Amino acid sequence: MKSIRRSIRKQLFVMMLGVTAGFGFIIFIVTLSQLNYQKNVIQERGQKEGKNLSEETSAVLSELNEQVARDFSGAAAKYFNTSFAEIRKHVGAIKKDVTALYKKGKVQGVMDDRVGLMKGVSAADVSDEFRMISSVRDFIRYLPGYDPGKIAELDLYMVTDSGMCLDGTGKKLGTDYADLRREDWYKMAKKSGKTYWSGVFTGKVTKSVKVICAMPVYDKDKKFRGCVAGDVEVDSFQDMIGKFNEEQIVSVVFFDQNNQFMRATNGYSNTGRVRSYLGKKEVAAAGNELYSFKKLEETGWTICLVLDQEKVRQTAEDLQEDVQKNAEGIAGIVQDGIQKTILIFGISMVAGVVLVVIVTRLAAGIFVRPISRLITQVRETGSGNLNQVIEVRTENEIGQLAMAFQDMTVELKNYMDHLQNMAASQERIATELNVARQIQMNMLPDRFPAFPDRADFDIYAVIHPVDEGGANFYDFFLADKTHFCLVLGDVSGSGIPATLFAVITKTHIKNYAQLGYQTDRILAETNNQLSRTNDAALTVSVFIGIIDLQTGVFQYTSAGQAAPLWKHSGKDLEFLPVKEYFALAHMENVPYGRQFVRLTQGDMMFLYTRGVSETEDGKGNEYTEEYLREYLSSVTKHQFVLKDIADSIQADRERFSGGIQQNKDSTVMMFRYFGK
């Protein structure tokens, strides 16, 4: 037995030492050659790319500059179109209001000194007309986005054909007011009968250089009554482009509808050369400047962006220098890596030889037969036979290993059975959750604008479901020709039962609303229906509101939902006064009441589930309803597109939570009332 053990030791030693040395030598040679090859390739490639970049920069620079110019002019045109469209919308809103006042013909109030009387016009001449339309001043003053203290950025007013000027500043205008009826913009709007954008002119009242958007106003007999106007000082163009500025932009040059020069930002003086390219090319180059022209659809003007080609060229040169430096740096890193690899490899070879000697001596002293038998049975187990019994019977570590392997085989068999059952259960649960989410999403109206033909209101809603399959829902529909219904709800629980309960609730509410019931009766009838068949003991909190689109009267009832936020025109955002009633499906015959407010033109209503206000960050802090109110107050000062507001709320929640997964659905519904 002793000679056999020595023979095994010798054979193991020679075999392991030979394999280790041979394999290590091959790896060493291959690694060394590859490292040297890669170093040479990197050096050559870096030099070649640097040279190619230098040669190709001049060839592509012209094309690159033109594409940059097109991109900048397109973005600038979009920005100015949006800015001027906002002015037109303000003027259009005032026109709509004052037209309605003329049609009503109601004379009330007294003449005051905040009206501008033009030369030759007395207070007695226009007193009846003034009292008929004087309230337009308050309408102007409280328009969202208008600041009476910043009329240089936007000045809004009404000029009557009888010789009055009414604005929203609240200042005394006097009885010797400039006769704006003689202005070209007034005459053009009166003559054309439609919206007119002027060129640059000097205002008779402010003496400042400005442009103006004017719209004619007619009474119920289609008689011309005057013009509503909104003007902006040309000097503010510089502030507008400052918000958009890039260092490549030298100036923005404006031309009117007749291609006449209007203004150039940054004090740019070489406008004659710019105009020589107008109407000839979309992009042109002269000297170190690049000109890109774009038509403004809103005003009919043309803008030209003047770009500095040298700054773009400098960018390319900097890029070339960076490529060369990077190539040199990488070559040095590779050289250092080769040296370190050789050193580490040498140390590893020595350690490997020592380890081979030690392992060989230890391995040779162990009995061969139990190992061989154990290997055979291990292979049998590896092939899938988990029912065999290990037959190694020794008192040493090999025996213990065999028994441990036997125990592991039994545990593995049990684990495989358990894993198979658990996989089937998880697959079933995942399928149910997917079905619940699909049902939840399919039951919601999701096409916006939802009523593209209606100009008296706008609506937008979005739901953000959680992974567990919550059951938020919303709905909106016309109950009849003049009444529009809003519904927002949240079912307790999750999964398919909660989703189906939401569908049933939504269906009952819509059915009762279309029968002409008031909000309190709709919830009372729905509650009775749900309570009779509520075997799963679910509850649902609901807010329902119905607005009379002709009068603006908004009736509503809340059954356990959060109080909506109300943006009343000219006032701060506030919580809608809400008396809370029991959530639906607790018990039958629960009494519900209703409340009323009157919406005016421009009012907005924000409905949300508690999943929004109860958003948490990693420390357990909540978003809160008050925080939501403050955030919306800041957003609605400059943003009026409902979808953009909803996206902004979601982005702020994600910022607050730091991306942490929430455990509640969150739903936002926004409604804006424009009136008849």
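Predicted, not measured: the structure shown is a model, and the values here were computed from it.
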Taking salt bridge (Lys or Arg N to Asp or Glu O under 4.0 Å) as the test, write out the residues that go with Arg655, two or more places apart. Asp652
Scan side-chain atoms only and decide if Tyr631 and Ser648 contain a donor-acceptor pair under the 3.5 Å cut-off. yes
Between Asp603 and Thr600, does any side-chain donor sit less than 3.5 Å from a side-chain acceptor? yes
Using a strict 4.0 Å threshold on nitrogen-to-oxygen distance, state whether Lys567 and Glu574 make a salt bridge. no
Do Thr160 and Arg225 have side-chain N/O donor and acceptor atoms under 3.5 Å apart? no
Near-ring test Phe484/Phe477, centroid separation under 6.0 angstrom: no
Polar side-chain atom of Ser541 near backbone of Ala583 as donor-acceptor pair, under 3.5 Å: no
Flag this pair as yes if the NZ/CZ of Arg521 is under 6.0 angstrom from the six-membered ring centre of Tyr517 and inside a 45 degree cone about the axis; otherwise no. yes
From CA spacing to verdict: ring pair (Phe, Tyr, Trp, His ring centres under 6.0 Å), Tyr673, Phe457: CA-CA 5 Å; Tyr673 177 66; Phe457 68 89; 8.6 Å; no
Contact check, side chains of Ile303 and Val253, non-hydrogen atoms, under 4.5 Å: no
State which residues pass salt bridge (Lys or Arg N to Asp or Glu O under 4.0 Å) with Asp231; sequence neighbours excluded, sorted by chain then number. Lys210
For Asp112, is there an ion pair with Arg137 - N to carboxylate O distance below 4.0 angstrom? yes
Near-ring test Phe606/Tyr608, centroid separation under 6.0 angstrom: no
Run the numbers on Phe80 and Trp301 for ring pair (Phe, Tyr, Trp, His ring centres under 6.0 Å), then give the verdict. CA-CA 10 Å; Phe80 280 108; Trp301 304 344; 8.8 Å; no
Carboxylate-amine/guanidinium contact Arg672 Asp458, below 4.0 Å: no
Using a distance-only test with no angle check, is there a side-chain donor-acceptor pair under 3.5 angstrom linking Gln662 and Thr615? no
